[in-house]
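On a predicted model such as this, the values are computed, not experimentally measured, just so you know. By convention here, the first residue in the shown sequence is residue 1. As the structure lists them, so they are numbered: ligands from 1, and atoms in each ligand from 1.
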Amino acid sequence: MKVHVADHPLIAHKLTILRDERTDSPTFRRLVEELVTLLAYEATRDVRTHSVSITTPLTRTKGLKLAEPAPVVVPILRAGLGMLEGMSKLVPTAEVGFLGMVRDEKTLQASTYANRLPDDLSGRQVFVLDPMLATGGTLIAAFNYLINLGANDITAICILSAPEGIAAVEREFAGSKIPITIVTGALDERLNEHGYIVPGLGDAGDRLYGVV
Ligand code: URA
């Protein structure tokens, strides 16, 4: 498994405002969108392409275009929805599927409550959007779900990650032949006793959409 932790002053600047408890929801949403676009740039480094020949006003030349079928982008509901716009800006031709996962706040176990995905993801490259990689339970369940549908290349984009969560995903997929990559804006210190990332930013869904 590959893990890429962003190391860029613009990302650090935006993350600092995002973490601040005084940042309101509209600003939080805008920053998440901007951060995802920056992280997606790195996450799509190995996006599948094919070569094409084109004619410029001056000459024939070769170029690259995204391969077909297009990648599938899967935001994990609810907080991952706040990341979709930023990703779609960068890869507008991607197909979008939805996976609703909830974690039991006592056991921290993740379970699927909704999905809207193609029945067959055989051979597809998938980008999963989940802002907080905390215990890793949600990502592990989501990756297994997508692999069972046939996905054979998975990259997750996470705004923040905890070392415990990265280690759990690494353990789960250690023997997997499927390339798995995590691209994250920052690797935080730890999880607290409630499974929240510290220093973190609190509950990403609540900060994006309010407490419901
Ligand atoms: N989910 C969140 O929204 N925040 C955390 O810190 C952990 C999981």
Exercise. Should the heavy atoms of other residues, nucleotides or ligands under 6.0 Å from CG of D7 be counted, would the total exceed 12?
Worked result: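 No, because the 6.0 Å sphere around CG of D7 holds 12 heavy atoms or fewer from other groups.
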Problem set entry | Residue pair L208, R78: steps toward the side chain to side chain contact (heavy atoms under 4.5 Å, CB included) verdict | CA-CA 9 Å; L208 279 162; R78 128 181 107 129; over 6 Å; no
For this session: Not counting sequence neighbours, which residues clear side-chain contact (heavy atoms from CB on, under 4.5 Å) with H13? List them please.
Result: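 With sequence neighbours excluded, H13 shows a side-chain contact (heavy atoms from CB on, under 4.5 Å) to I17, given in chain and number order.
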For this session: State which residues pass side-chain contact (heavy atoms from CB on, under 4.5 Å) with F98; sequence neighbours excluded, sorted by chain then number.
Result: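 For F98 the side-chain contact (heavy atoms from CB on, under 4.5 Å) partners, ignoring immediate neighbours, are P75, L77, L81, L84, V96, R116.
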For this session: Enumerate the protein residues lying less than 4.0 Å from ligand 1, judged by heavy-atom distances, in chain and residue-number order.
Result: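 Contacting ligand 1 under 4.0 Å are R103, M132, A134, G195, Y196, I197, G202, D203, A204.
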For this session: Report the residues that fulfil ring-ring contact (aromatic ring centres under 6.0 Å, His included) with Y196, sequence neighbours left out, ordered by chain and then residue number.
Result: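 Scan of Y196 (ring-ring contact (aromatic ring centres under 6.0 Å, His included), adjacent residues dropped) gives none.
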Exercise. If you group Ile, Leu, Val, Met, Phe, Trp and Tyr by side-chain heavy-atom gaps below 4.5 Å, do L129 and M1 land in one group?
Worked result: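 Not linked; separate clusters.
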